[in-house]
Amino acid sequence: MTQDRRVRVRFAPSPTGALHIGGVRTALYNYLFAKKHGGDFVLRIEDTDQTRFVPGAEEYIIESLKWLGIEPNEGVGFGEGPHAPYRQSDRKPMYRQFAEQLIAAGYAYYAFDTAEDLEAMRERLKASNVDAKYDGITRSAMKNSLTLPEDEVKRKLENGDPYVIRIKLPRKEEVKFHDEIRGWIIVNTSQMDDKVLFKSDGMPTYHLANVVDDWDMKTTHVIRGEEWLPSAPLHVLLYRYLGWEDVMPKFAHLPLLLKPDGTGKLSKRDGDRLGFPVFPLDWEDPKTGEKSSGYKQAGYLPEAVVNLLAFLGWNPGTHQELFSLEELIAAFTLERVGKHGAKFDQNKAKWYNQQYVRKVDNHLLAPSLKAALALNVPEATFSDEYIEKVCGIVKEKISFVKELWDYSNYFFIEPANYDEGVIKKRYNEKVPQLLSDLIEAFSALAEFSHSNTEAAYNAVLAKNEVASKDFLQLFRVCLSGVAGGPPIFEMVEIFGKDKTIQHLNKASASIKG
RNA sequence: GGCCCGUUCGUCUAUCGGUUAGGACAAAUGGUUUUCAUCCAUUAAAGAGGGGUUCGACUCCCCUACGGGCUACCA
């Protein structure tokens with residue numbers, strides 16, 4: 001029956017801070033799955049815990065998805081659709097009826113225990129070495145509508161005494177469900193507890209809200225992180241007790257992203273500790289003021305981030321590693337998602353980015369270089385054409401967009417000093433003459449192409465009886481100040497005649513043995 | 001502690017009982033580039049351990065070890 005439904009998946013983060021790349025990957029897999037099947041990708045904001053709400057987090061999530069190009073076609077920030085609203089706090093009124101429906105059907109009950117009551121219960125059970133959980137056994141000793149006289153329950157409710165609604169789990173029953181990635185999973189209810197479904201503040205917990213919303217939004221596949229696997233049986237039971245088992249979504253629990261070094265899952269702290277971003281965009285915590293760097297600002301390209309994230313836990317089964325979003329959509333299947341956690345590899349990430357930086361059109365790279373130029377040389381005026389050419393020649397040498405300036409600044413500013421090692425090694429008494437001859441030869445060129453300048457250079461060297469290799473690197477240093485760089489005559493061509501001669505003049509005056 | 005999930009080169013992974021266990025990143029070496037980066041070539045590098053099942057196990061089952069997750073009126 002679920003087979004002929006239109007595929008609908010959702011990404012359902014909580015706005016409790018910046019969206020971490022593990023979450024981004026979950027969003028990506030959902031996106032790929034939806035697109036692959038011509039379905040819908042929904043963004044739902046799960047903000048049932050008002051105490052953990054962080055201002056700006058929701059906007060951050062939306063901006064991140066936009067930057068990466070994995071945009072939901074329905075949901076908060078993306079044009080609300082037929083199932084609006086998509087923010088759980090805005091959906092608040094619809095949850096209570098289902099909690100009450102469960103009570104009426106005998107699948108849930110009111111519980112009036114205070115925090116102290118619960119604490120005492122846990123202490124007691126721990127002391128006797130028993131699992132401290134609110135379950136089929138312990139609930140008989142607690143204050144709830146199963147143990148209290150009916151009239152007292154009624155009175156408490158009418159009094160407005162605080163209460164929660166808990167699911168009433170059967171004592172011993174196997175809950176079996178199929179995970180698209182892990183196969184059949186069986187958990188006995190004797191290992192589970194009577195989870196709170198509805199909180200005393202009038203909000204549902206994740207479990208209830210999640211199930212109600214997925215049902216209401218006609219979700220066909222729940223693709224989420226492995227941390228949800230333990231509560232999946234509870235969700236299965238909720239679908240059953242609510243009478244929605246025939247439209248229950250399929251589950252797929254994704255392996256987690258792990259720390260590159262030690263152990264444990266990748267957390268927000270790891271990024272800046274290890275020197276790589278764990279967030280798509282820069283983020284500053286509004287409460288603590290703590291800053292974390294993002295992929296975008298670190299010089300990553302969104303296509304690279306998508307590609308490398310896709311491969312952390314999934315592979316196409318071929319040797320192809322570079323995939324555009326469209327190719328990922330075509331190739332993606334849940335069957336090829338791995339079962340075990342993946343450590344984030346900074347080197348591989350760098351390599352991916354390098355591949356994409358080289359492929360980017362120069363005019364798309366230019367704005368970044370322009371920004372760096374404006375920052376370093378505010379008074380500079382260079383044409384877009386010139387900046388794009390510079391991007392074209394240096395993009396082969398960098399891994400990150402932000403390295404553009406470091407590798408190309410000499411295209412915009414005269415060398416302030418010259419590589420001493422090269423001068424020491426290559427400077428001799430013939431250099432002044434060479435430079436003056438070169439300036440003269442270059443000045444005479446009508447067309448300042450790399451082939452013409454190279455020919456002129458070779459003629460000058462021959463005339464002075466100097467082997468090319470004995471001077472070429474010093475020539476480079478005269479022009480740029482640094483020992484390394486792109487092919488020299490291509491660099492000269494981009495410089496153009498005026499700048500080349502200007503730099504040679506300056507070098508001629510500044511460089512001495 | 002309990003429950004659940006997992007375990008192939010340093011890392012990401014291929015392998016769906018029979019392979020010289022393949023690829024990529026990182027590493028090393030050589031070459032190209034008079035430089036750096038690139039690029040090319042080569043090398044080194046793996047089935048956690050123990051039991052089964054089978055003619056034959058990386059692949060299936062069990063145990064152990066290890067790793068991860070969960071164990072809140074958080075998601």
Side-chain angles (χ1 to χ4, degrees), chain A residues 12-16 46-52 88 111 113-115 118 122 126 129-134 162-166 179 181-183 185-188 190-193 195-207 209-210 224-233 253 255-256 258-260 262-265 308 311-322 335-336 338-352 354 358 394-399 403 407 419 421-422 426 467-477 482-488:
Chain A
S14 292
T16 56
E46 308 220 322
D47 56 347
T48 51
D49 185 356
Q50 291 139 336
T51 64
R52 294 210 308 160
Q88 287 180 332
D113 314 279
T114 62
L118 293 170
R122 290 186 182 115
K126 252 182 194 163
N129 238 336
V130 182
D131 237 10
K133 54 185 175 27
Y134 205 119
Y163 66 89
V164 300
I165 296 173
R166 288 180 180 271
D179 184 276
I181 293 169
R182 286 153 215 283
I185 292 178
I186 303 167
V187 178
N188 199 295
S190 62
Q191 304 300 333
M192 300 162 60
D193 60 352
K195 279 274 178 296
V196 171
L197 301 177
F198 201 82
K199 301 187 272 192
S200 56
D201 66 358
M203 284 294 273
T205 59
Y206 168 86
H207 305 293
N210 189 263
R224 80 233 294 196
E226 193 184 354
E227 70 267 29
W228 293 110
L229 196 50
S231 50
H253 290 93
L256 267 16
L258 272 18
K259 295 179 198 291
T263 57
K265 71 173 173 178
L308 72 91
F311 269 67
L312 243 29
W314 171 87
N315 78 84
T318 65
H319 284 168
Q320 184 183 349
E321 305 229 30
L322 263 15
E335 293 73 57
R336 294 207 66 89
K339 294 178 170 63
H340 59 271
K343 286 181 183 167
F344 184 86
D345 183 355
Q346 207 177 342
N347 280 321
K348 193 79 176 234
K350 179 181 173 183
W351 176 80
Y352 267 115
Q354 188 183 65
R358 279 189 221 160
V394 297
K395 74 180 178 186
E396 304 292 330
K397 314 180 69 64
I398 61 171
S399 297
E403 294 173 331
Y407 280 79
D419 187 289
V422 173
R426 295 299 180 191
S468 175
K469 58 179 276 191
D470 291 335
F471 181 64
L472 197 67
Q473 200 177 12
L474 182 55
F475 177 54
R476 175 192 290 287
V477 168
V482 294
I488 295 182

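Only this structure's heavy atoms are used, side chains among them; waters, hydrogens and symmetry mates stay out. Chain naming here is simple, since letters A, B, ... match the order of the sequence lines and numbering starts at 1 in each.
- One finds no salt bridge joining Glu403(A) and Lys397(A) here, because no Lys/Arg side-chain nitrogen approaches an Asp/Glu carboxylate oxygen to under 4.0 Å.
- Residue Gly225(A) is out of contact with every strand shown, counting any heavy-atom pair closer than 4.0 Å.
- Nucleic acid contact class of Asp131(A) (heavy atoms, under 4.0 Å, all strands): base.
- OP1 or OP2 of A75(B) has at least one side-chain nitrogen or oxygen of Lys199(A) nearer than 4.0 Å.
- Heavy atoms of Arg182(A) sit under 4.0 angstrom from primed sugar atoms or phosphate atoms, though from no base atom.
- Across the strands present, G67(B) finds its partner in C5(B); the criterion is a Watson-Crick or G-U wobble pair with both atom distances under 3.5 angstrom.
- Pair check for A44(B) finds none; no Watson-Crick or G-U wobble contact set falls under 3.5 Å.
- Heavy atoms of Phe311(A) sit under 4.0 angstrom from primed sugar atoms or phosphate atoms, though from no base atom.
- Using a 4.0 Å heavy-atom cutoff across all strands shown, Pro233(A) reaches no nucleic acid atom at all.
- In the set C5(B), C70(B), C74(B), C74(B) carries the atom at the smallest distance from any side-chain atom of Thr205(A).
- At distances below 3.5 Å, not a single donor-acceptor pair connects side-chain atoms of Ser399(A) with backbone N or O atoms of Gln354(A).
- Contacts of Phe311(A) classified as ring pair (Phe, Tyr, Trp, His ring centres under 6.0 Å), with partners at least two apart in sequence or in another chain: Trp314(A), Phe323(A).
- Base pairing of A21(B): no nucleotide in any strand meets the Watson-Crick or G-U wobble criterion (both distances under 3.5 Å).
- Evaluation of the side-chain hydrogen bond (donor to acceptor under 3.5 Å, both in side chains) rule for Ser468(A) yields no partner, not counting sequence neighbours.
- At a cut-off of 3.5 angstrom, counting only N and O atoms as typed in the model, there is no donor on one side facing an acceptor on the other between the side-chain of Lys348(A) and the base of A26(B).
- Distances from the side chain of Gln191(A) to the nucleotides C73(B), G69(B), G2(B) place G2(B) closest.
- Across all strands shown, Ala342(A) has heavy atoms under 4.0 Å from sugar-phosphate atoms exclusively, and none from any base.
- At a threshold of 4.0 angstrom between heavy atoms, the contacts of Val164(A) include nucleobase atoms, whether or not backbone atoms are also involved.
- A salt bridge is defined here as a Lys NZ or Arg NE, NH1 or NH2 lying under 4.0 Å from an Asp or Glu carboxylate O, and Asp345(A) with Lys348(A) fails to meet this definition.
- Base pairing analysis places C39(B) opposite G31(B); the two distances defining the Watson-Crick or G-U wobble pair are each below 3.5 Å.
- In this structure, Asp113(A) reaches the bases: a heavy-atom distance under 4.0 Å links it to at least one base atom across the strands shown.
- Among the protein residues, Arg122(A) comes within range of the sugar-phosphate backbone only, with heavy atoms under 4.0 Å from sugar or phosphate atoms but none that close to a base.
- Contact check, His207(A) against C74(B): no side-chain N or O comes under 4.0 Å of OP1 or OP2.
- As judged by a 4.0 angstrom heavy-atom cut-off over every strand, Thr51(A) is placed among residues making no nucleic acid contact.
- In this structure, U15(B) forms no base pair with any nucleotide, since neither Watson-Crick nor G-U wobble geometry is met with both distances under 3.5 Å.
- In this model, the phosphate group of A14(B) is approached by a side-chain N or O of Asn315(A) to a distance below 4.0 Å at OP1 or OP2.
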Please write out the pairs of protein N or O atoms and N or O atoms of nucleotides 37-41 of chain B separated by less than 3.5 Å, giving the distance to one decimal.
| from | atom 1 | to | atom 2 | distance (Å) |
| --- | --- | --- | --- | --- |
| U38(B) | O3' | Arg358(A) | NH1 | 3.2 |
| U38(B) | O3' | Arg358(A) | NH2 | 3.0 |

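- Separation of the P atoms belonging to U59(B) and A48(B) is 8 Å when rounded to the nearest angstrom.
- Rounded to whole Å, the P atom of G69(B) lies 30 Å from the corresponding atom of C25(B).
- At a threshold of 4.0 angstrom between heavy atoms, the contacts of Arg336(A) are confined to the sugar-phosphate backbone, with no base atom among them.
- The side chain of Lys265(A) places no N or O atom within less than 4.0 Å of a non-bridging phosphate oxygen (OP1 or OP2) of G67(B).
- Among the atoms of the strands shown, only primed sugar atoms or phosphate atoms (P, OP1, OP2) are found under 4.0 Å from some heavy atom of Ser14(A).
- The shortest heavy-atom contact between Gly338(A) and Ile181(A) is O-CG2, 3.7 Å.
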